[in-house]
Amino acid sequence: MTPDEFIIKWQRSTLKESSAAQEHFCDLCQLLNELTPAAADPTGAFYCFERGAIKTTGGQGWADVWKDGHFGWEYKGKHKDLKAAFVQLHRYAPALNHPPLLIVSDMEQIIIHTAFTGTVPDQYTLTLNDLRDPSKLQLLKWAFSDPEKLRPIDTTAALTERAARQFGEWAEALCQRGHDSAAVAHFSQQLLFCLFAQDIELLPNQLFTRLLENGLKYPAQVEQMLTNLLDTMATGGLFGSEAIDWFNSGLFAEVQPLPLETADLKTLHSFTKLNWSAIEPSIFGTLFERGLDPKQRAQLGAHYTDPNSIMRLVAPVVLMPLRKEWQSVQKEMLQLKTAADAAKSPAVRDKQLTKLRALLTGMLEQLNQFRVLDPACGSGNFLFLALKGLKDLEHEIILAGEQLGLMRAFPTVSPHNVLGIEKNHYAAELARVTVWIGEIQWMLQHGFSLSKNPILKPINIIEQRDAVVNADGSEPEWPTADVIIGNPPFLGGSKKRGLLGDDYFTALETIYAGRVPAGADLVCYWFEKARAQIDIGKARAAGLVSTNSIRGGSNRKVLDQICQTTRIFNAWSDEPWVNDGAAVRVSLISFGEIKTPPVLNDERVAVIYADLTAGSSEIKMDVTTAKQLKENAAVCFMGVSKKGAFDVAGDLARQWLKLPNPHHKSNKLVLRPLCNGIDLTRRNRDVWVIDFGTDMPESEACFYEKPFAYITEEVKPIRQNNNRESYRQYWWRHAEARPGMRAALHNLYRFIATPAVAKYRTFSWLDAIFLADQAALIITRADDSTFGILHSCFHQLWSLKMGTNLGATPRYTPTTTFETFPFPIGLTPADTASNAIETLNSGAIIPSVASEYRAHAIAIAEAAHQLNQLRDHWLNPPEWIDRVPEIVAGYPDRIIAKPEYAAQLKQRTLTNLYNKQPAWLVNAHQQLDQAVAAAYGCSTELSEAEILQQLLQLNLARA
DNA sequence: CATCCGACACACC
DNA sequence: GGTGTGTCGGATG
């Protein structure tokens, strides 16, 4: 068939839809050289006419033609309403497997609507005559063979980001003109809603666009016109000659348009060209929060929390349990249907059908009664996504019921299903709008008309109040709900008082005494309250976002309690989270009374522990039960906490070293090279520190003229403003001078250091003259055996598991990683405490230990010494450097690059070395691991989990 | 007195 | 511009 033949045939045709549709479609297939449905798929399972038609009644199907993964196609008679056909396809899209294209035709026109998820919908209209145009015909051909070719480039996410950025910039300009940011936020939300309402035709005839155009002609009238429009939206009524629906909602309760300039009107007018109906409702929230807060304004238009991340909580907590229930109900319904169809008497049949109806009604009623609470709902995007998920599920159930021949139910899941608590007045306001926009969008996209008068029903879904402390200092009640979701605010324990104020802090302390440690992050109060709600039966489950630090320290207490009174059934332990610029990492935690196997980081596990690690079915290992060991006490220390600029460049220190002092003592006594993490992971920076020790009086310190003058200038002013009496009083000393550490270092000529926060857990030797800064942790031992044990895979694994994180980077914490670590028997810190060390022929240094452990000590020390030497040669190749004696005796030689090797030497850092993982390094570590494994008396073939399990057992046995 | 934390801060490859 | 490491106030035990 040629296009001309097709056109002539169908121009003439006056047949009705029912008689002509299939023939029209078959002709099209011929024209496009495609197989007809029956020829392509005789079973009709993937490509057929009348998909979803109920065979027994011959009733209307979901689509006239359906090709799985391609399109749903609906015909109407000539000049009939194609919009209605489109609405029908939309409504049945879930039953049709969400085809990417929804095509409607009245046999003269063919309209292809794209419906790829997450893209801005597009449409192509083809008239009969267009079929002569090969490029138009190609579109149709793609619909049959390769619908991906029709995927719009613009995603709704991209559209949303673009709109957010543009709108944000515009709002920022308003703020810069001196308008109050809260007023700008409120006004911009009103305008945004107008743009949305216009694009879904709630505001008729492009009314908002025309208003802006008139405004450009009569700038003086703009403010009055806008006031009139917004006022009319608040109450419903006439705007000019146009009838405006009653929108209601507090959004329009307060109308005070800001003065707009011509440029503003032009910008707004350009916004009307965007497709606001396809916008993600969460944009409103993002815009609001960023537009309102001057600190966040720089982020306007930047990233916003990705819906997929939110679904990682909404899915397991809200949707999965309901889906599971629906599956079992559906199974029962299918059995009843089969029984009814097979029934011999109408009475029996009716009885089965009544039961069937009751099951469906029951399921829908359950959905209608379902309540989701977000007690920190912000601008409502969690609630919006929960509502959308519930509506999708309800729709699916309704369609399944219809398929069983039951009468179609009207969807009843609506904003009444979601409850929110939000402290911020405008965010709360906005959350209501966000949820309603989501509702309206969903209804229209699924072919349902909106119920009006008002459009935004006065359901009090969002309460504006504090969720964890009442104004009178008492504990707030949360409404009863089925589940709790949300992303509560994070605020580190020590920042709480400063940001929230003394009264609020005291109230928190009082209300949650014994439940949440006072040093915990603010987010923990939401976790504890959610746990309590579940405990008293006011919720079944909760899914909350938290800082990833909830896995350790005092924050973990709330998870410990959760694991005691209920159960964590789903978690993501450490995920990057969108928060512009900052390296924020979060844990997503779902807990409560939902019977489902636990899933951690998308993998089935046997149990999830409070630190968000898992036990497998073979190895159950809750390392949070590990105890601090006596034999490890007072060996690992954090370096000094200076709290002031006591550090000076090496060259300045050297100048001072040469200067005399009035009391004839050298500055050498108060000047030492400093070591922090960077000195360990990169190269030594040659930074020195003025150190008046732990108890030198000011009267003596001032004899060291230059250093004292320096800190009088640089440190004293700052320290005298410190909140702590002792820091103010002893300003010339380091705030935490670590007397314990200094005592433990006594008589050691070297010690072991490791960076507190570092990508790799490396240990290095430092000459005793070095002073460790707080970001360097030290172990007060000089023997290679201890060094080797710490650098073995045993301690590496343990420290990773037991330590915490600063953002994405592991952090070593003395109490939880070192003091809990069970050293091999006979080689514990208690066993190596004696200073009686012995140097072997190789140069390795072993501690004096009981004779039966001496062989292990030697083997480990040799391997460790070898590792350290290899590493040192790599870090400081003798050919590239000069070793220069320090100007004063008693300091180690300086390592100075030969000029031609300076750049290369700069790259020789421990982090770079471990990034590269050269074979010799891997081998050296393997040798070491073997020696240490022998000391533990275990195989070198153990898996990581097995090593950890053995260490945990050893720890518990010793504790 | 010592340790821990950061909806981070910032220097430097 | 990404990578990697660090400050310092405040709280706890």
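All chains are named by letter (A, B, ...) in the order of the sequence lines, taking the proteins before the strands, and each is independently numbered beginning at 1.
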**Prompt:** Using a cut-off of less than 4.0 Å, is there contact between a side-chain N or O of A:Asn555 and OP1 or OP2 of B:dC5?
**Reply:** no

**Message:** From C-beta outward on A:Lys906, which listed nucleotide comes closest to its side chain: B:dC5, C:dT5, B:dC13?
**Reply:** B:dC13

**Message:** Just N and O in the side chain of A:Thr911: are any of them under 4.0 Å from OP1 or OP2 of C:dT5?
**Reply:** yes

**Prompt:** Counting just side-chain N and O atoms, does A:Asn915 come under 4.0 Å of either OP1 or OP2 of C:dG4?
**Reply:** yes

**Test item: A:Asn868 side-chain N/O and A:Ser764 main-chain N/O as donor-acceptor pair under 3.5 Å** = no

**Asked** Does A:Val586 or A:Tyr727 map to a spot on DNA chain B nearer the 5' end, using the closest nucleotide for each?
**Response** A:Tyr727

**Message:** How about CZ on A:Phe751, more than 12 heavy atoms from neighbouring residues, nucleotides or ligands closer than 6.0 Å, or not?
**Reply:** yes

**Request:** For the side chain of A:Asp773, starting at C-beta, report the closest nucleotide among B:dC4, C:dA11, C:dT7.
**Result:** C:dT7

**Message:** So that I can tick it off, tell me whether A:Asp521 and A:Lys495 are bridged by a salt bridge, with the cut-off set at under 4.0 angstrom between side-chain N and carboxylate O.
**Reply:** no

**Prompt:** When you look at NZ of A:Lys906, are more than 12 heavy atoms from neighbouring residues, nucleotides or ligands closer to it than 6.0 Å?
**Reply:** no

**Contact nearer the 5' end of DNA chain C, comparing A:Pro517 with A:Lys495** = A:Lys495

**Message:** Output the rounded distance in Å from CD (A:Gln907) to P (C:dT3).
**Reply:** 15 Å

**Separation of atom CZ in A:Phe818 from atom P in B:dC4, rounded to whole Å** = 13 Å

**From B:dC4, C:dC8, C:dG6, nucleotide with atom closest to A:Gln774 side chain** = C:dC8

**Under-4.0 Å salt bridge between A:Glu475 and A:Lys529** = yes

**Prompt:** Once you round it to whole Å, what is the distance between C1' of C:dT7 and CG of A:Leu806?
**Reply:** 11 Å

**Request:** Give A:Asn722 one of three labels, base, sugar-phosphate or nothing, depending on what nucleic acid heavy atoms sit under 4.0 Å from its own.
**Result:** sugar-phosphate

**Item:** Sidechain-backbone polar pair: A:Arg719 side chain, A:Lys643 backbone, donor-acceptor under 3.5 Å
**Value:** yes

**Message:** Counting only side-chain heavy atoms from C-beta out, which of C:dT5, B:dA2, C:dG9 sits nearest to A:Asn723?
**Reply:** C:dG9

**Request:** Hey, can you tell me if A:Tyr914 and A:Tyr760 have their rings parallel, tilted or perpendicular (30° and 60° cut-offs)?
**Result:** tilted

**Prompt:** What integer distance in Å separates A:Glu736:CD from C:dC8:C1'?
**Reply:** 11 Å

**Prompt:** Can a cation-pi geometry be assigned to A:Arg908 and A:Trp874, taking NZ or CZ under 6.0 Å from the six-membered ring centre and within 45° of the ring axis?
**Reply:** yes

**Prompt:** The side chain of A:Ser494 lies closest to which of these nucleotides: C:dG9, C:dT5, B:dA7?
**Reply:** C:dG9

**Request:** Classify the nucleic acid contact of A:Pro488 as base, sugar-phosphate or nothing, counting any heavy atom under 4.0 Å across all strands shown.
**Result:** base

**Atom pair distance, as rounded to whole Å: NZ in A:Lys557 and P in C:dA11** = 16 Å

**Asked** Atom CD of A:Glu725 to atom P of C:dG9: distance rounded to whole Å?
**Response** 15 Å

**Message:** When you measure from the centre of the six-membered ring of A:Tyr512, is the NZ or CZ of A:Arg515 closer than 6.0 Å and no more than 45° off the axis?
**Reply:** no

**Asked** So which nucleotide does B:dT3 pair with, by the Watson-Crick or G-U wobble rule with both distances under 3.5 Å?
**Response** C:dA11

**Message:** Does a side-chain N or O of A:Thr804 approach OP1 or OP2 of B:dC5 to a distance below 4.0 Å, or not?
**Reply:** yes

**Message:** Output the rounded distance in Å from CG (A:Leu491) to P (C:dA11).
**Reply:** 12 Å

**Request:** Give A:Ser641 one of three labels, base, sugar-phosphate or nothing, depending on what nucleic acid heavy atoms sit under 4.0 Å from its own.
**Result:** nothing

**Request:** Classify the side chain of A:Lys643 and the base of C:dG9 as holding, or not holding, a donor-acceptor pair under 3.5 Å.
**Result:** yes

**Request:** Have a look at A:Gly740 and say if it touches a base, only the backbone sugar-phosphate, or nothing, with a 4.0 Å heavy-atom cut-off.
**Result:** sugar-phosphate

**Prompt:** NA contact type, A:Asn912, heavy-atom cut-off 4.0 Å: base, sugar-phosphate, or nothing?
**Reply:** nothing

**Message:** Can you see if the side chain of A:Arg497 gets near the phosphate of C:dA11 - specifically, an N or O under 4.0 Å from OP1 or OP2?
**Reply:** yes

**Request:** Starting from C1' on C:dT7, measure out to NZ on A:Lys642 and report it in whole angstrom.
**Result:** 9 Å

**Item:** A:Pro739 side chain, from C-beta outward: closest of B:dC1, C:dG6, C:dT12
**Value:** B:dC1

**Complete:** Whichever of A:Arg738 and A:Gly492 has the more 5' nearest nucleotide on DNA chain B, that residue is A:Arg738

**Item:** Close approaches to DNA chain C from residues 674-695 of chain A, in residue order (heavy atom, under 4.0 Å)
**Value:** A:Asn676, A:Gly677, A:Ile678, A:Thr681

**Item:** Minimum-distance nucleotide (side-chain atoms of A:Ala775 versus B:dT3, B:dC4, C:dT7)
**Value:** C:dT7

